[in-house]
Structure formats: structure tokens, C-alpha cells
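Shown next, in C-alpha cells, is the structure this report addresses.
This one's a predicted model, so the numbers in the text were calculated from it and none came from an experiment. We name chains A, B, ... by the order of the sequence lines, and we start the count at 1 in each one.
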Number of protein chains: 2
Amino acid sequence: MPKVGMEPVRRQQLIDATIESVATNGLQGTTINSISKNAGLSSGIISHYFGGKQGLIEATVRYLLTSLKQDLIGKVNHQTNATERLMFIIEANFALVQQRNDTTRTWLSFWAQSMHDEELHRLQNVNSKRLQSNLAFSFKQLMPIEQANQAAELSAAMIDGLWLRAVLSKSDNNQFKHCEKLAKSYVLSLIKQYGA
Amino acid sequence: MPKVGMEPVRRQQLIDATIESVATNGLQGTTINSISKNAGLSSGIISHYFGGKQGLIEATVRYLLTSLKQDLIGKVNHQTNATERLMFIIEANFALVQQRNDTTRTWLSFWAQSMHDEELHRLQNVNSKRLQSNLAFSFKQLMPIEQANQAAELSAAMIDGLWLRAVLSKSDNNQFKHCEKLAKSYVLSLIKQYGA
DNA sequence: TTATCTTTATTGAACGTTCAATTAATAAAA
DNA sequence: TTTTATTAATTGAACGTTCAATAAAGATAA
């Protein structure tokens, strides 16, 4: 059965299977068996490639964070203006949902666990601060620095709040699209309010 | 050791111990042993009073929901005006934090789990919808119904978002106070914007 | 080309641990 | 004495990890 050069393939297979299992069974219900079964591989392979269950969990979170980051990078370029950039940030934060419906539940599980897992908490902070500083960067081109920072804090909370409530109510894609629109119009209203 | 009429005392003891354990160890790390140890009781007592671990978990969530509800009821009376009532709703939603620092983490754990537990999800929906309809009720006295509903949806998201970000960044009470102020001024700005 | 050696990839059973639940025993109060 | 309250001991299932075995692929040498 074995072929050479399987490592990257298997790693991705196991990460995908982890997202799937956490979305379906929760972090509590996710075992090395549920993951390896989803991936169509044996349980031992997890320790082989990730050192253990914990290593795979952390690799999965890192993968999700990278996906979010890449999504935004793919949308903007050097001639994107500040307002457009703000809209792209919002789109990126709601985009993972549209690609894979199971991703949102998985995120929430990981964030809850980050309260009791140092490495997950570190990763969560990177994500949370990146959202706010990305927003602040663009707001600063549209208003004074103090207002910009305040606008970034409020926008980040609004985005996360809309997202959280949509996830918890097990919303469909339409509902997420609705939340994306609300977030965008809130950011636009902040620009009108404080904009120079 | 046994005394008569211990039931309500023991139940509360075990619920308090559950909040404590979930805050410290997370829902994953919470066992009937960690709970009973916190309560200074034996593990068997959990099955006796709650039928099992799951029953105790659900009773704990119901207790938290009731506390939140009572907190709001205690603040308002028949001569509270709409704007005051909105401020009290926000205060109540941030108040549990101040009383007990460990409560917020516990909430987040429960909400994450609600994605994979029918009864918890039902309770979560009650809470989520109550916040929004409480907000809508007061907004309707200050603006047209359509704007009131929109304001309620946005305010609920803002409150939950500020709360979520504060919890995840392991904020102290000052940070929560700051978030409470932001939420209040956001609601006031909505009243100014749409208010008749 | 064939035979041998080495590395890479993978499995699945065995092990020790942890957990929730149950049971039997016990102690106080009625 | 009977009932209520509680503990301590026990059970069996489920879990993550480890590890010996194996199989294919690639490399080397005859």
C-alpha cells in the first residue's frame, strides 16, 4: 500500500478529517478513532505524523488561521482603497463558512477550548488581534487615529458577535450572508460618522 | 453525617462546584470526580441528585439562565423608562462576570457544547432570543418597529461580541467594565440615530 | 537484470489510564 | 426500626499512546 511522498497528503487528510469530526461530534466527542475513521486511515498514523492527538488539534487550528489569512491576501492588492479593504476583511471573516459549512462549529469549539489550552490561546490571540489591527489600519486612512482605534474595536466586536450568534443558532448560508451585510453597513456607518 | 432537608443545599453545592470546575478545567476536563471534590462530597451523590453528570450539567446551565433573568427583573420596575431599561439589560448581561469571575468561561464552554447537545441548544436559544426580544421591546418605545428590530439585532450582536472578545482574551473586571460602557454608548447612538 | 538492503508508510493489537455509573455498606435522624 | 443521606469500592467501557510487524518503494550492488 505505502507510496513515497505521502506525508503532505496524509497531513492534510487528517486535518480535514479533524475539522469534520469536531464539527459533527464536538471536541469532546472527537477521538483518534473518529478522526482516523473519517480519514480512512488507521489510528496509529496520527501519532506518526503529529506526535499525538493534541499535535493534530493544534495543526488543525493553525491550518484554519492560515486559510483565513490567505483568503484576505487573495482579495486585496496594492491599489485596494481603505473602504474596499474593510469590506474584504469582513468578507474573509465570513467566507470560510460558505466554503465549508462545518468550519464554523469547529472554530467555536477551538475557541472555547483555548480558555484551557495555552497553545490554542496563543493562536486565538493572534487571530483576534490581527482582525482588530487590520481594521484599525484601514480606518486610520479614513479618520483620526483615536476614532480609528475605537471604530476597529467596535467593528471587531460586531463582526464576532454577528458570527457567534449565527453559529449558535445553527444558521444556514443565507443567514450568514445577512450577517455579512449587517457588518458591512455598520462599518460604512462608522466611516460616515467619524470620516474626515 | 446525614441530615434531613439537605437536597436543596446539596444541589446548589454541586451546581456551584460545576461552575467552578468548568471554569478551571473546561467542559472536557470536568469529571464527576473534579466536581464532587470541589463540592467536598462523594462522586456518587451526583447520580443521586441529578441522575448523572449530564443532568447536573443541564441543571447548571438552567441555574445560570435563571440568575441572568432574575438579575434583570431585580433592576427594573414599572416606572423604568425605555432607555433606562436598555441600560439595565446591558448591565445584567455583564453583571454575572463581576459577581463571579469564573462564570464567563463556563458560559462559553456551555455554548460551544450546545452545538452538539440538543437540550443545551434549546436553552441557548431561549437565552439568545430573550436578549434580542428584551432589547426590541424597549427600542420599539423609542423608534418605528422596523428600526427597533434592526437595532435589537445589532445591539445583541454587539453585546455578545464585546463579551466574547473579553472572555477569550481572559480580561479582568476593568476590561469588562470598559466593554459595558462601549455597549451602552452604542445603544445610545442607535437611539439618537433612529429615535423619533 | 536480478538480488539484496534500506527507508518510508502503515496497521492494529496491547497496555495502562480515566471516566461515569452502579452497588453495597453505613451512619444519622425520624 | 425504618427512612433518608452519603460514602467508598467496584465495574466495564472508552480513550490515547505505544510498538512490533509488515509491505511497498527506492537504492545499491552483483
Side-chain angles (χ1 to χ4, degrees), chain A residues 1-61 106 109-110 113 116-120, chain B residues 1-61 106 109-110 113 116-120:
Chain A
M1 301 168 185
K3 281 181 232 168
V4 159
M6 284 286 94
E7 181 162 341
V9 177
R10 294 292 180 240
R11 289 180 81 95
Q12 193 56 50
Q13 256 184 301
L14 289 168
I15 286 172
D16 288 340
T18 304
I19 294 173
E20 219 176 300
S21 174
V22 175
T24 309
N25 313 112
L27 208 50
Q28 283 216 75
T30 292
T31 68
I32 56 166
N33 273 315
S34 73
I35 295 169
S36 55
K37 205 174 171 183
N38 266 337
L41 297 165
S42 78
S43 61
I45 206 79
I46 289 171
S47 289
H48 183 252
Y49 282 122
F50 293 96
K53 188 191 179 187
Q54 183 66 10
L56 174 53
I57 296 290
E58 286 167 11
T60 304
V61 173
T106 309
S109 291
F110 287 146
Q113 184 60 17
H116 313 96
D117 182 317
E118 216 171 312
E119 177 64 5
L120 289 190
Chain B
M1 297 170 186
K3 282 179 228 169
V4 156
M6 283 286 96
E7 180 163 340
V9 177
R10 295 290 180 240
R11 289 180 81 95
Q12 193 56 50
Q13 258 184 301
L14 289 168
I15 286 171
D16 288 340
T18 304
I19 294 172
E20 217 176 302
S21 174
V22 175
T24 309
N25 313 112
L27 209 50
Q28 283 216 74
T30 292
T31 68
I32 56 168
N33 273 313
S34 73
I35 295 169
S36 55
K37 204 173 172 184
N38 267 336
L41 297 165
S42 76
S43 64
I45 208 76
I46 289 170
S47 290
H48 182 251
Y49 282 122
F50 294 97
K53 187 191 180 187
Q54 183 66 11
L56 175 52
I57 296 289
E58 286 167 12
T60 303
V61 173
T106 309
S109 291
F110 287 147
Q113 184 60 17
H116 312 97
D117 182 316
E118 217 171 310
E119 177 64 5
L120 289 189

With a 4.0 Å cutoff (strictly under), does any side-chain N or O of B/R10 reach OP1 or OP2 of D/dT6? yes
N or O in side chain of B/Y49 less than 4.0 angstrom from D/dT6 OP1/OP2: yes
Round to the nearest Å and state the distance from B/N33 atom CG to D/dT11 atom P. 17 Å
Between C/dG12, D/dT6, C/dA21, which nucleotide gets closest to the side-chain atoms of B/S43? C/dA21
Side chain B/S34, main chain B/T31, donor-acceptor under 3.5 Å: yes
Of the listed nucleotides C/dT10, D/dG16, D/dT7, the one nearest the side chain of A/T31: D/dG16
I want to verify a distance call: between C/dT10, C/dA21, D/dT6, whose nearest atom is closest to the B/I32 side chain? C/dA21
In whole angstrom, what separates B/I35's CD1 from C/dC19's C1'? 12 Å
Sub-4.5 Å side-chain heavy-atom contact between B/E58 and B/F50: no
Side chain of B/K53: nearest nucleotide among C/dG12, D/dT6, C/dA21? C/dA21
Spacing between A/M6 atom CE and D/dG26 atom P, to the nearest angstrom: 11 Å
For B/S34, which contact category applies under a 4.0 Å heavy-atom criterion: base, sugar-phosphate, or nothing? nothing
Measure from NE2 on A/H48 to P on D/dT22 and round the result to the nearest Å. 18 Å
Roughly, in whole Å, what's the span from CD in A/Q28 to P in D/dA14? 16 Å
Here the distance between atom C1' of D/dT18 and atom CD1 of A/I46, to the nearest Å, is 14 Å
So A/V61 and A/E119, do their side chains get closer than 4.5 Å, heavy atoms only? no
Nearest-Å distance for atom pair CD/C1', residues A/E7 and C/dT10: 13 Å
Rounded to whole Å, CZ of B/R11 lies from P of D/dT6 at a distance of 13 Å
Over all strands shown, is A/G52 touching base, sugar-phosphate only, or nothing at heavy-atom distances under 4.0 angstrom? sugar-phosphate
What's the closest nucleotide to the side chain of A/I45 if the choices are C/dT10, D/dC15, C/dA21? C/dT10
Within a strict 4.5 Å, meaning less than it, do heavy atoms of the A/L56 and A/Y49 side chains meet? no
Pick base, sugar-phosphate or nothing for A/L41, based on heavy-atom distances below 4.0 Å to the nucleic acid. sugar-phosphate
Output the distance between atom CD1 (A/I32) and atom OG1 (A/T30), rounded to the nearest 0.5 Å. 12.0 Å
Considering only heavy side-chain atoms of B/S47, the closest of C/dA21, D/dC15, C/dT10 is C/dA21
NA contact type, A/S36, heavy-atom cut-off 4.0 Å: base, sugar-phosphate, or nothing? nothing
